[in-house]
Amino acid sequence: MGSELWSPLPGMSDIVWPEVSLWQKVEDVTRWIMSLYGFREIRTPILERTTVFIRAIGEGTDVVQKEMFTFEDRGGRAVALRPEGTAGVMRALCAMGQDLAGSRVYYMGPMFRAERPQAGRRRQFHQIGAESLGPASPHADAECMALMSHLLAACGVRRVKIRIHTRGAMADAPQVREALVSNLRSVAPTLCLDCQRRLESHPLRILDCKQPGCRRVVESLPPLTDWMSSASREYFEATCNLLETLGVPFEVDRHLVRGLDYYEHTIWEAVHPALGAQDAVAGGGRYRIQFGDRTIEGVGFAVGVERLLLAMQGEGISADERGGAPKVWLVAVGPDALQANLVAVQRWRQAGVPCGMDVTGRSVKGQMRLADRSGARWVLVRGEEELQAGTFRCKDMTSGQDRTMAVEEIERKLLSSGTLE
RNA sequence: GUGGAUGUAGCUCAGCUGGCAGAGCACCAGGUUGUGGCCCUGGGUGUCGCGGGUUCGAUCCCCGUCAUCCACCCCA
């Protein structure tokens with residue numbers, strides 16, 4: 001059983017039938033929705049220079065500090081498996097060297113974080129993300145959230161809640177931070193140990209601490225927006241108003257801050273009740289990233305595919321157990337018929353007719369059982385006698401009726417109407 | 001990185017105080033020498049996660065280890 005030889009590494013999962021049919025459905029829906037909004041797919045490397053992530057996500061963030069799979073490649077370069085999608089996409093767009101404003105791209109693929117696995121959290125997980133580049137604009141932010149909301153709904157997820165908040169313009173960040181720290185310093189001893197540390201490193205994160213003591217302190221604080229510029233406040237208000245106009249349901253959550261350094265202005269996440277402790281099915285926000293002398297602005301989001309699937313299952317959507325059933329199943333009696341059947345299915349498959357047969361040498365009874373399980377409507381049986389006569393015994397699996405049909409007739413019907421009626 | 005739970009057949013799981021390893025489903029074969037489902041009969045398909053220890057004897061008790069799940073942390 002549990003041999004290390006064939007079990008995947010911790011937190012890595014094999015995605016197999018029938019669940020894979022749900023993945024395919026989500027991917028199809030994604031391509032469709034993204035095309036509606038004018039987003040084009042981009043595929044970037046899974047492995048990047050470590051500095052790409054450090055630059056974009058932030059040196060001191062947890063993701064960079066303790067969650068990246070990093071190593072040295074054979075050329076001595078420090079490289080990392082991507083822990084999220086935005087950094088690599090921004091790097092790629094920079095490499096293309098064009099004016100990035102107005103670029104709209106989406107991606108889907110595996111991401112890696114060296115965390116302890118739990119419900120809805122894997123070391124290799126998958127994200128569907130979208131990035132809309134251009135200068136800060138409430139319209140861009142609202143459109144992006146509308147896209148995310150549309151995508152989730154199109155996947156059949158109805159019970160999502162979108163929580164939004166603002167971090168204010170990046171230029172406001174120092175004064176917000178200072179105000180927050182000075183407000184908290186006097187009560188520091190009542191905060192949990194993590195938060196006492198955060199007071200120096202990432203004070204914003206104290207806002208989303210779940211410890212009751214910290215929560216109480218945070219509740220007594222004035223809203224973060226009080227310390228932002230009026231322009232930042234207006235930006236947030238405008239964004240909220242646009243969301244209402246667009247009919248995207250949301251609620252403002254003053255505790256939402258998110259852990260990546262590149263965010264400014266609007267940030268949000270979508271949570272679903274079917275998920276357990278890790279209940280964020282998607283998250284996003286506006287960002288500003290520096291690559292060398294280049295500054296990239298945009299807004300984007302990422303959906304956790306594993307979590308989306310959990311949410312879908314929580315909505316009663318299940319994988320298609322049957323899969324694509326073949327039209328016909330061929331049963332052979334004897335080695336000559338086996339070879340003739342193999343030739344026949346190849347012809348018909350190349351003509352676009354899905355058909356099946358057993359190639360492992362089972363008994364007729366065993367072949368019939370497989371035919372039944374495959375869901376094929378008709379079973380075509382032949383042995384020496386039928387081979388000589390150029391016929392099949394054609395069995396209708398719903399009625400159980402059995403009749404002799406000429407190979408030519410079967411082929412004509414199958415290839416023209418796809419039925420043997 | 002920290003904490004808790006779990007690990008027995010392909011799957012879901014029983015297994016008392018330590019005494020020959022079990023059930024349901026699935027699977028295979030036969031009943032039907034060329035016909036699925038339903039039915040009947042037969043078949044256990046196993047390194048009781050792994051390695052030590054205690055014991056006359058360990059799936060059971062002890063230690064270690066690995067894996068999984070859940071939670072913290074953090075995030076999708």
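The figures that follow rest on heavy atoms only: side chains count, while hydrogens, waters and symmetry mates do not. Every value quoted in this text rests on a predicted model; they were computed, and no experiment measured them. Within every chain, numbering begins at 1; the chains are lettered A, B, ... in the order of the sequence lines, protein sequences first and strands thereafter.
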Rounding to an integer number of Å, can you tell me how far [X] [atom1] sits from [N] [atom2]?
{"X": "A/L370", "N": "B/rC28", "atom1": "CG", "atom2": "C1'", "answer": "12 Å"}
{"X": "A/L275", "N": "B/rC70", "atom1": "CG", "atom2": "P", "answer": "12 Å"}
{"X": "A/D14", "N": "B/rU68", "atom1": "CG", "atom2": "P", "answer": "12 Å"}
{"X": "A/Q65", "N": "B/rC75", "atom1": "CD", "atom2": "C1'", "answer": "15 Å"}
{"X": "A/I128", "N": "B/rA76", "atom1": "CD1", "atom2": "C1'", "answer": "11 Å"}
{"X": "A/L193", "N": "B/rG1", "atom1": "CG", "atom2": "C1'", "answer": "15 Å"}
{"X": "A/L380", "N": "B/rU35", "atom1": "CG", "atom2": "C1'", "answer": "13 Å"}
{"X": "A/Q367", "N": "B/rU33", "atom1": "CD", "atom2": "P", "answer": "15 Å"}

To the side chain of [X], which of [options] is closest?
{"X": "A/K66", "options": "B/rC73, B/rA76, B/rG34", "answer": "B/rC73"}
{"X": "A/D372", "options": "B/rG36, B/rA76, B/rC72", "answer": "B/rG36"}
{"X": "A/R116", "options": "B/rG3, B/rU68, B/rC75", "answer": "B/rG3"}
{"X": "A/K365", "options": "B/rA76, B/rC28, B/rG31", "answer": "B/rG31"}
{"X": "A/Q118", "options": "B/rC73, B/rG34, B/rC75", "answer": "B/rC73"}
{"X": "A/A280", "options": "B/rC73, B/rG34, B/rA76", "answer": "B/rA76"}
{"X": "A/P10", "options": "B/rC28, B/rU68, B/rA76", "answer": "B/rU68"}

Would you classify [X] as touching base, sugar-phosphate or nothing, given that sugar-phosphate means primed atoms plus P, OP1 and OP2, and contacts are heavy atoms under 4.0 Å?
{"X": "A/A371", "answer": "nothing"}
{"X": "A/G284", "answer": "nothing"}
{"X": "A/G366", "answer": "nothing"}
{"X": "A/G85", "answer": "nothing"}
{"X": "A/R197", "answer": "nothing"}
{"X": "A/V281", "answer": "sugar-phosphate"}

Take atom [atom1] in [N] and the same atom in [M], then report the distance between them in whole Å.
{"N": "B/rG1", "M": "B/rG10", "atom1": "P", "answer": "32 Å"}
{"N": "B/rC70", "M": "B/rC56", "atom1": "C1'", "answer": "41 Å"}
{"N": "B/rC16", "M": "B/rG30", "atom1": "C1'", "answer": "39 Å"}
{"N": "B/rG49", "M": "B/rA21", "atom1": "P", "answer": "14 Å"}
{"N": "B/rA5", "M": "B/rU65", "atom1": "P", "answer": "16 Å"}
{"N": "B/rA9", "M": "B/rC38", "atom1": "P", "answer": "26 Å"}
{"N": "B/rG4", "M": "B/rA76", "atom1": "C1'", "answer": "25 Å"}
{"N": "B/rA29", "M": "B/rC60", "atom1": "C1'", "answer": "36 Å"}

Checklist entry - Under a 4.0 Å N-O cut-off, is there an ion pair linking A/R369 with A/D372? => result no
For the base of [N], is there a side-chain donor-acceptor partner from [X] under 3.5 Å away?
{"X": "A/R369", "N": "B/rU35", "answer": "no"}
{"X": "A/R121", "N": "B/rC70", "answer": "no"}
{"X": "A/R307", "N": "B/rC75", "answer": "yes"}
{"X": "A/E386", "N": "B/rG34", "answer": "yes"}

Checklist entry - Do other residues, nucleotides or ligands put more than 12 heavy atoms under 6.0 Å from the CD atom of A/E41? => result yes
Checklist entry - Take atom CZ in A/R55; do more than 12 heavy atoms of anything else shown fall under 6.0 Å from it? => result no
Checklist entry - Given that A/L9 and A/R393 both sit by RNA chain B, which one's nearest nucleotide is further toward the 5' end? => result A/R393
Next on the checklist: Taking the nucleotide of RNA chain B with the nearest heavy atom to each, does A/C209 or A/A119 sit closer to the 5' end?
Outcome noted: A/A119
Checklist outcome for this item: Taken to the nearest 0.5 Å, the spacing of A/Y263 OH from A/I57 CD1 works out to 9.5 Å
Next on the checklist: Please report the interatomic distance CZ(A/R167) to CG(A/D172), rounded to the nearest 0.5 Å.
Outcome noted: 12.0 Å
Next on the checklist: Contact between A/V407 and A/R382 at the side-chain level, heavy atoms closer than 4.5 Å - yes or no?
Outcome noted: yes
Next on the checklist: Between A/W227 and A/R177, is there a side-chain heavy-atom distance shorter than 4.5 Å?
Outcome noted: no
Checklist outcome for this item: From the list A/L342, A/L380, A/V379, side-chain contact (heavy atoms from CB on, under 4.5 Å) with A/M357 holds only for A/L342
Next on the checklist: Tell me if a side-chain donor or acceptor on A/R307 pairs with a main-chain N or O of A/A280 at a distance below 3.5 Å.
Outcome noted: yes
Checklist outcome for this item: Stems for RNA chain B (at least 3 consecutive Watson-Crick or G-U pairs, under 3.5 Å) come to B:1-7 with B:66-72, B:10-13 with B:22-25, B:27-31 with B:39-43, B:49-53 with B:61-65
Checklist entry - Does the side chain of A/R122 get closer than 4.0 angstrom to OP1 or OP2 of B/rC69 through an N or O atom? => result yes
Checklist entry - Any idea how A/W268 and A/F301 line up, ring-wise: parallel (<30°), tilted (30 to 60°), or perpendicular (>60°)? => result tilted
